[in-house]
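Report on one structure; see the data block that follows.
Note: hydrogens, waters and symmetry copies are ignored here, and every other heavy atom, side chains too, is used. First the proteins, then the strands, lettered A, B, ... as listed; each starts at 1. All values derive from a computational prediction rather than experimental measurement.
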2 protein chains.
Amino acid sequence: MQNAVLQIQVQDTLYVKDPTSSTIGKSILGHGLILLSEIGLEEFTFKKLAHKISSTESTIYRYFENKHQFLSYLFNFYWAWMDVNIAFAITNIDCPKERLKRIIRVLTQKVNNDIRTPFIDEEILQEVIALESSKTFLSKKVDEENKAGYFLQYKKLVDRISLIVVEINPTYAYPNALVSTILESSFHQRYFGIHLPRLTNEMHVQERLEDFLTDLCFKTLL
Amino acid sequence: MQNAVLQIQVQDTLYVKDPTSSTIGKSILGHGLILLSEIGLEEFTFKKLAHKISSTESTIYRYFENKHQFLSYLFNFYWAWMDVNIAFAITNIDCPKERLKRIIRVLTQKVNNDIRTPFIDEEILQEVIALESSKTFLSKKVDEENKAGYFLQYKKLVDRISLIVVEINPTYAYPNALVSTILESSFHQRYFGIHLPRLTNEMHVQERLEDFLTDLCFKTLL
DNA sequence: TTTAGATTGATAGTAATACTATTATTTTTG
DNA sequence: CAAAAATAATAGTATTACTATCAATCTAAA
């Protein structure tokens, strides 16, 4: 068994200088993520982060244009990492139904820190993405950022899962819509379960969320 | 036919001073909404709005604590208004399936300005809510704001529609989750259709969005 | 009709944010 | 070891997100 390092690649439009290329860059990623999870995007500033890592604002600005770009980097990192996870979960599974089931399981599971990515704690990343990811695309700059590849990893994953949906039911008219609905729901329903329970039905319980989404998918497709 | 004025009531925790109680308050609502639709929440400031309505920041602060509260006001206004619309759309309809169908139609339709609310243009409001509404609850202050009633109208509507879902299928375990998923999707899928088409399947076309959500609901429930 | 009370406008001010720029110092690497 | 690159330290600007004060105006009750 090798001591593998998992290289997650994101678009070079998502940084000024590649944060994985230096110690301080990795520190920005790791501690930036932690700070984000602690205080949320609105309160998050590069100044606070600089203080946390005993560095300066100007250094952080050499890696990321602004906090929105930093969030988008994490967003892409998360989905690229999820893509790897999902690919692993369905290798050697031929039946597309079983593959979709396993994907939904992976999507609704609470993740654990992946030691193959030393500077990012995926458990924290998942929390941050649940709360903040919608803010990456709900912006007036969405078209511009889309052109710059800010959503590439997410779109790739939706495409990949949609292909499986098409395998299950080639006549279904809305595979991508179904998949992106499932992905969005997997975050929002869990969040509602914790914070706005009246909007959902105990979706903070992993098995229920998994069952809800699996049921929704398969009833729709079969 | 009377020249009816539709009074939409929101929680008094959503303002410092009721904006509908004065001319300048209504101007803040109306022009604030327009400014929001023009530049988005991130760029929106009370200073810019004050300039637009030839008033001052201090005056606006007498009505709303900050722009987040202003957005939450609009959020509740929208769903309270939608509630009225939906109630109207299903009066005298006994069949719960038909009622749900009609609700989905209302939810996926592009709305027109309602002249019974003179200071708010619902067409613009719908655009703003589509882009910004998730930001009302995706915040570290969600629990605090939930207690203060920031999401009451939305929760009420979800409850109301869930009751119909239960009528259609009393054994279905996730009525509220299904309803909130439909509501969230009705905005996000349309948005994806316009800005991130790879995430969906032409959901900017109203009939397709309606069909997608109707199909999703009824296949899940029947 | 006066007058007190409430509302708005004008102005000022503060701490924080979101940067940019410059230069000195340290670290890396060839 | 020298040159180049990266980082730290410092300063500075325009804007944001407010709060405070006080004068002007408008409004409603005695």
Side-chain angles (χ1 to χ4, degrees), chain A residues 12-32 35-36 38-74 119 132 135-136 139-141 144-145 150, chain B residues 12-32 35-36 38-74 119 132 135-136 139-141 144-145 150:
Chain A
D12 64 6
T13 48
L14 289 166
Y15 50 76
V16 181
K17 176 180 155 77
D18 183 357
T20 64
S21 69
S22 73
T23 310
I24 203 160
K26 288 171 192 166
S27 178
I28 289 169
L29 285 182
H31 288 93
L35 186 59
L36 250 183
E38 285 167 354
I39 62 178
L41 187 68
E42 282 68 35
E43 290 293 308
F44 178 92
T45 67
F46 280 176
K47 192 169 194 178
K48 288 175 187 167
L49 176 54
H51 183 251
K52 189 166 187 151
I53 63 174
S54 303
S55 181
T56 57
E57 275 183 280
S58 46
T59 296
I60 299 174
Y61 276 108
R62 261 179 234 111
Y63 287 90
F64 294 102
E65 281 169 27
N66 48 52
K67 68 176 172 183
H68 185 75
Q69 193 186 44
F70 177 64
L71 175 64
S72 299
Y73 182 99
L74 293 177
F119 37 96
E132 316 289 1
K135 298 169 193 167
T136 58
S139 131
K140 287 275 172 184
K141 291 179 180 157
E144 183 191 320
E145 290 179 353
Y150 271 45
Chain B
D12 63 8
T13 47
L14 288 167
Y15 50 76
V16 181
K17 175 181 157 74
D18 183 357
T20 63
S21 69
S22 72
T23 310
I24 203 159
K26 289 171 192 167
S27 179
I28 289 169
L29 286 181
H31 288 93
L35 185 59
L36 251 183
E38 286 167 354
I39 63 178
L41 187 68
E42 282 67 35
E43 290 293 310
F44 178 91
T45 68
F46 280 175
K47 193 169 192 176
K48 288 175 187 166
L49 177 53
H51 182 252
K52 188 166 186 149
I53 62 173
S54 302
S55 180
T56 59
E57 275 183 280
S58 46
T59 295
I60 299 174
Y61 275 108
R62 267 180 223 111
Y63 287 89
F64 295 103
E65 281 171 26
N66 48 52
K67 69 177 172 182
H68 186 73
Q69 192 187 43
F70 176 65
L71 176 65
S72 299
Y73 182 99
L74 293 176
F119 36 97
E132 317 289 1
K135 298 169 193 167
T136 59
S139 131
K140 287 275 172 186
K141 293 180 180 158
E144 182 190 320
E145 291 180 350
Y150 271 45

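- Considering only side-chain N and O atoms, A:S22 lies under 4.0 angstrom from the phosphate OP1 or OP2 of D:dT7.
- Contacts of A:Y15 classified as side chain to side chain donor-acceptor pair (under 3.5 Å), with partners at least two apart in sequence or in another chain: none.
- Across the protein-nucleic acid pair, B:L49 atom CG and D:dT16 atom P stand 13 Å apart, rounded to whole Å.
- In this structure, NE2 of A:H68 is placed 11 Å from P of C:dC19, rounded to the nearest angstrom.
- As rounded to whole Å, 15 Å separates atom P of D:dA6 from atom NZ of A:K26.
- Panel note: side chain A:E57, backbone A:H51; no donor-acceptor pair is recorded below 3.5 Å.
- Distance, A:E42 CD to D:dA17 C1': 14 Å, rounded to whole Å.
- More than 12 heavy atoms of other residues, nucleotides or ligands shown are found within 6.0 angstrom of NZ on B:K48.
- The stretch residues 52-67 of chain B touches DNA chain D through B:E57, B:S58, B:Y61, B:E65, B:N66, B:K67, each having a heavy atom within less than 4.0 Å of the strand.
- Rounded to whole angstrom, the span from the CZ atom of B:F44 across to the P atom of D:dC18 amounts to 12 Å.
- Separating the NE2 atom of B:H51 from the P atom of D:dA17 is a distance of 18 Å, rounded to the nearest angstrom.
- Considering A:L41, A:L71, A:L74 in turn, A:L71 is the only one that fulfils the side chain to side chain contact (heavy atoms under 4.5 Å, CB included) rule with A:T136.
- Scanning all heavy atoms of the two residues, the minimum distance from A:S22 to A:Y63 falls at OG-OH, 2.6 Å.
- With hydrogens and angles disregarded, no donor-acceptor distance shorter than 3.5 Å links the side chain of A:S27 to the backbone of A:T23.
- One atom, NZ of B:K48, and another, C1' of D:dC18, lie 16 Å apart when rounded to the nearest Å.
- In this structure, B:K47 atom NZ and C:dG13 atom P are separated by 14 Å, rounded to whole Å.
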